[in-house]
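See structure below.
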Amino acid sequence: MASSSLSFVGNDLRRSTSLSLSLREMLNNNAASRDVFNVNDHHTHEEDEQNLKWAAIERLPTYNRMRKGVLRYMHDDGKVVHDEVDITRLGFHEKKLLMENILKAVEEDNEKFLLNLRHRINRVGIEIPKIEVRYENVSVKGDVHVGSRALPSLLNANLDIFESLMGLFHLTLSKKREIHILKDVSGIIKPSRLTLLLGPPSSGKTTLLLALAGKLDRNLRSSGRITYCGHELNEFVPQKTSAYISQHDLHHGQMTVRETLDFSGRCLGIGTRYEMLEELSRREKSSKIMPNPEIDTFMKAISVSGQETNLVTDYVLKILGLDICADIMVGDGMRRGISGGQKKRVTTGEMLVGPAKALFMDEISTGLDSSTTFQICKFMRQMVHILDVTMVISLLQPPPETFELFDDIILLSEGQIVYQGPRDNVLEFFESMGFKCPERKGVADFLQEVTSKKDQQQYWFRKDEPYVYVSVPEFVAAFDSFNIGEQIVNELRVPYDKSQTHPAALVKNKYGISNWKLLQACFSRELLLMKRDSFVYIFKTVQLSIMGIVCFTVFLRTQMRAESFDDGQKFYGAIFFTVVNAMFNGMAELPTIVLRLPVFYKQRDMMFFPAWAFGVPICILRIPLSLLDTGLWVCITYYTIGFAPPASRFFKQFLVLFCIHQMAMSLFRFIGAVDDIKPWLIWGYYASPLMYGQNAIIINEFLDDRWSKPNIDPRINEPTLGKALLKARGFYTEAYWYWIGIGAMIGFAFLFSLLFLAALSLLNPLGDTKTFISDEDDEKTRKSTARQNVIEGEEIVGSFDQEPRAGIVLPFQPLSLAFNHVSYYVDMPAAIAGVPKITNGYNPATWMLEISSPLNEAKLEVDFATIYANSALYQEKQQDLLNIFGGLYVVTAFLGFLNASGVQPVIEIERTVLYREKAAGMYSALPYAFSQVNANEEIDQDRIKSFM
């Protein structure tokens, strides 16, 4: 069956090619005849050419017909030509030409274009999916801290973590206050009507939009019922059916505006556009209707799934006014890019390129001038009215001309809906309550001030009645008895008829395209980001090369013999530095991932892609860089330092360092000395990836043939010098531990990658700043309690039946201490032959000075310094000293890398403040630089103390 299908497709393609060729010959012949007999009939020639092109496309099979279109363009001589194009291979010039044919002047032509598109759909009787959103008795509550406990300080952050851990055991330690964000709100949002959400700050606008979009924070407690066309939110995927456009602009600064929208459109998919267009084409063919060629080509172009670029991106760029900056990087705090208002429009366009039929836009006018806001809302109105979209837009202070574009108004105040209904009736409602908007006052400003206690009185117009403050609950109760409010209540009483729901209205699939296409899209974006960040990787490679040169110059003129324990110490140092450098080199991935997390969380929650599609490309694309860095280091340092010369040892060290580097990019952890681990902590030794890496690279060096000389140290029971060196430092002496280390590090790399993907899937981003509540009563209570404690402190009551004492207040509780039969002793070493024992009652210090004098050494014919150097005690102390040096090195390197990676966000935040204050003449750059250095030194000292 597969072969027959392939042959069928092949026959279709051959038939398509032959038809195209025959059509081209026919047109050429026809054109030649017309040039001879009817030279001046250009209009008839153009129509005939278009009809012939369309007839050829209509004869194609459905699959090919959906990928062919007709594009009209004009030659330099003024002759209009219709050319057949492949929709899946539209180039930049073809897309630009098509958009110019459709939208020459976007302010005037967009409505005509949408009407022509809707006319094509309507004339064959196809119904566009519509969504009606209902919310009934929706309440949202949350817990917030009070006073200074709500400030985003380091102490409060640690307390939040501790309280969260205690919450897992159902232990509540925090003193949070419950607040009502939304209080029993109900209403209906209808399709084809543009709705404006108004309300003063902290009135609950964002929470309402998030609730309607099915994106409420998990820490909030909600109740009530939200339905789409009568269906509960758990019956479909609300994140794909609707789109929430946040007021926060989170984008990758390295990507251009066009690339950002293209990636969004690629991941969100096309929804049911292809199926609708396929049915539309079938009905038109059966009815012998020829559509407008530009409209047909546009609809076909936006119905192709999985493409890197899509024509819908060009359309959104055009209507949002972003075509002038389409190929400019978005930018961020460290990278110059587009303006703040343009970023806000990119945030809006990121969701407009998708197929969502319900849009909830939160503060999309921030940073925009009134003219741009008006134009965007005008385009949104056209989209809503013509394409039957469901849309709610939240604006803080819309200008009057923008306010007039909306059909319905939702007015929120103190978490309650004061008014919801047609815009034309909103002033009527408030006039019935005794409040009137002045003639020169914007209606939107009036609506947000009339519920405020400090601004309400100025709008009272019943001069014959005394003004009395009307609270928000009173407004709510009055609206319920208003005719618009009663109409909404009556509509909510009648359940929505689910049978009337369009089959394509609600999305049941979690993602817009297949998993394979999502992985391809994320691979392409990750590769693009790596190219844009190529300077970082080049710099890191150059830095690694310089470190390698510095490393091998230490040993370049040193004779690296392999004949004694002292010779082995040099190799230990070189290998230890190599391992630590490989570990810290992988730490560069940490800030890169942290900077990308906000955008990732946003796109993950909006169902752009699953977490694994984001993490897998990062893990795979870092492998070539890891191979490059590891190979460069080994090539620079291996033979110049003087490691084992066989080529097999060279490649084995390369393999070990590569595995360490891969593991280090997933985990940064280092443990101290091996010999000091307590028996109950031995699990930490075996759980450390660095243990396996260091064992493998040490074994690779010291089990080489040049370390096979006989061991002459009687303290270590090993046959060869290499194994004795391994035994002396607590490493394994068996060769198979090399491969155990390799396997363990590969396993750790996979484990940490899986944990990385699990964290991306399960963890949530850091919460935004929560509501701040000032509690003066709690502060007064605390102060009064403190004063009471001071007064009561005049008498100190003991816990050992002591009598209360008056007078001077002591800052401590006086206690008694008793001890008896205390013994103190020190372990003495094993006796030395010929040395007399110390007599009882003799001072040990005096005896040691006397017995170790040169005269006694000559009498006993011993050298106490040599004996101590060969003792186990000396070896233990030497190991302790090496552990201390290693720990200091790790601390120094760690703090250096931490400061280097942590200075960037600080500079990013403070740079704008520096420019403003410097321009104002508050100070010069030099004092600012000195203050930064001093502050960083104090921070470093605090870090060292806490680390030690």
Side-chain angles (χ1 to χ4, degrees), residues 129-136 138 140 181-182 185-201 203-216 222 224-229 233 238-248 344 347-352 354-366 373-374 376-398 402-413 415-423 426 444 447-448 484 488 491-492 496 505-506 606:
K130 300 179 182 179
I131 296 177
E132 180 179 292
V133 181
R134 296 188 176 192
Y135 51 102
E136 305 175 48
V138 174
V140 179
I181 305 174
L182 294 178
V185 297
S186 301
I188 303 176
I189 300 174
K190 296 182 177 294
S192 307
R193 294 186 64 82
L194 184 61
T195 303
L196 172 64
L197 179 60
L198 280 177
S203 59
K205 301 190 297 295
T206 298
T207 303
L208 178 60
L209 293 176
L210 289 171
L212 295 177
K215 290 176 58 64
L216 267 181
S222 61
R225 186 168 180 257
I226 299 176
T227 59
Y228 284 45
C229 300
L233 296 182
Q239 294 88 346
K240 297 297 294 183
T241 306
S242 64
Y244 169 74
I245 298 175
S246 173
Q247 56 183 312
H248 304 293
K344 177 60 64 178
T347 304
T348 304
E350 195 174 23
M351 302 309 298
L352 289 180
K357 294 290 292 180
L359 297 170
F360 303 100
M361 303 183 178
D362 193 2
E363 299 289 355
I364 64 171
S365 62
T366 304
T373 303
F374 173 79
I376 292 177
C377 291
K378 177 184 175 182
F379 295 143
M380 297 300 104
R381 173 188 172 93
Q382 295 168 357
M383 185 186 304
V384 168
H385 287 178
I386 299 174
L387 301 181
D388 295 334
V389 176
T390 303
M391 186 178 295
V392 181
I393 300 179
S394 168
L395 298 177
L396 186 59
Q397 289 179 315
T402 302
F403 180 81
E404 296 294 326
L405 295 174
F406 291 88
D407 303 300
D408 294 328
I409 303 294
I410 299 177
L411 179 59
L412 268 178
S413 183
Q416 302 180 73
I417 291 183
V418 177
Y419 176 87
Q420 177 182 359
R423 171 180 52 83
V426 64
L447 294 178
Q448 296 184 86
I484 303 297
I488 293 176
E491 289 185 23
L492 288 174
Y496 188 93
L506 305 180
M606 291 181 175

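Values below: all heavy atoms of this structure, side chains included; hydrogens, waters and symmetry mates excluded. This one's a predicted model, so the numbers in the text were calculated from it and none came from an experiment.
The pair E136-R134 fails the salt-bridge criterion, with no side-chain N (NZ, NE, NH1 or NH2) lying under 4.0 Å from an Asp/Glu carboxylate O. In summary, E363 and K344 do not engage in a salt bridge, as defined by a charged side-chain N under 4.0 Å from a carboxylate O. A salt bridge does not link K357 to D388: none of the charged nitrogens lies less than 4.0 Å from a carboxylate oxygen.
S203 contributes atom OG, which lies 9.5 Å from atom CG of L208 (distance to the nearest 0.5 angstrom). Rounding to the nearest 0.5 Å gives a distance of 12.0 Å between OH of Y135 and OH of Y228. Between the CD atom in Q382 and the CG atom in L194 there is a gap of 11.0 Å [rounded to 0.5 Å]. Going from atom CD1 of I364 over to atom OG1 of T373 covers 7.5 Å, rounded to the nearest 0.5 Å. One distance of note links CG of L197 with CD1 of I410; it measures 6.0 Å at 0.5 Å rounding.
Between the side chain of Q420 and the backbone N or O of I188 there is at least one donor-acceptor pair closer than 3.5 Å. In terms of modelled atom types and a separation under 3.5 Å, the side chain of Q448 and the main chain of L396 share a donor-acceptor contact.
When side chains are defined from C-beta on, I417 counts as touching L412, because their heavy atoms get closer than 4.5 Å. Residues L198 and F403 are in side-chain contact: their nearest non-hydrogen atoms beyond the backbone lie under 4.5 Å apart. For the pair E491 and K190, the minimum side-chain heavy-atom distance is below 4.5 Å. Counting heavy atoms from C-beta outward, R381 and M391 have side chains that stay 4.5 Å or more apart. Here the side chains of I484 and P422 are in contact, with some heavy-atom distance below 4.5 Å. Looking only at side-chain heavy atoms (C-beta outward), L352 and L359 come within less than 4.5 Å of each other. Considering only heavy atoms from C-beta on, L212 stays 4.5 Å or farther from Y244 through its side chain. Looking only at side-chain heavy atoms (C-beta outward), M361 and M351 stay at 4.5 Å or farther from each other.
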Q: Could you walk me through whether C377 and L196 pass the side chain to side chain contact (heavy atoms under 4.5 Å, CB included) test, one step at a time?
A: CA-CA 10 Å; C377 291; L196 172 64; over 6 Å; no
Q: Any chance you could lay out the side chain to side chain contact (heavy atoms under 4.5 Å, CB included) test for K215 and M606, step after step, and finish with the verdict?
A: CA-CA 9 Å; K215 290 176 58 64; M606 291 181 175; 4.3 Å; yes
(Q) The test is side chain to side chain contact (heavy atoms under 4.5 Å, CB included); show your working for L405 and M380 and say whether it passes. (A) CA-CA 9 Å; L405 295 174; M380 297 300 104; over 6 Å; no
Q: Apply the test side chain to side chain contact (heavy atoms under 4.5 Å, CB included) to residues T227 and Y496: give CA-CA distance (whole Å), side-chain angles for both, the deciding distance (0.1 Å), then the verdict.
A: CA-CA 9 Å; T227 59; Y496 188 93; over 6 Å; no
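Listed here is the closest heavy atom pair of S222 and V140: CB-CG2, 4.2 Å. Residues L182 and G204 approach most closely at CD2-O, 3.7 Å, considering heavy atoms. Across all their heavy atoms, L209 and S394 have their closest contact at CD1-CB, 3.8 Å. Contact detail for A356 and A243: the closest heavy-atom pair is CB-CB, 3.9 Å. The minimum heavy-atom distance linking G415 with V185 is given by the pair O-CG1, 3.6 Å. Listed here is the closest heavy atom pair of T195 and F406: C-CD2, 3.6 Å.
Among the candidates H385, R193, R423, the single residue satisfying the side chain to side chain donor-acceptor pair (under 3.5 Å) test with D407 is H385.
Residues S246 and D362 bring no donor and acceptor atom of their side chains to less than 3.5 Å of each other. Side-chain contact check for Q247 and T206: at least one donor-acceptor pair (N or O, by modelled atom type) lies under 3.5 Å.
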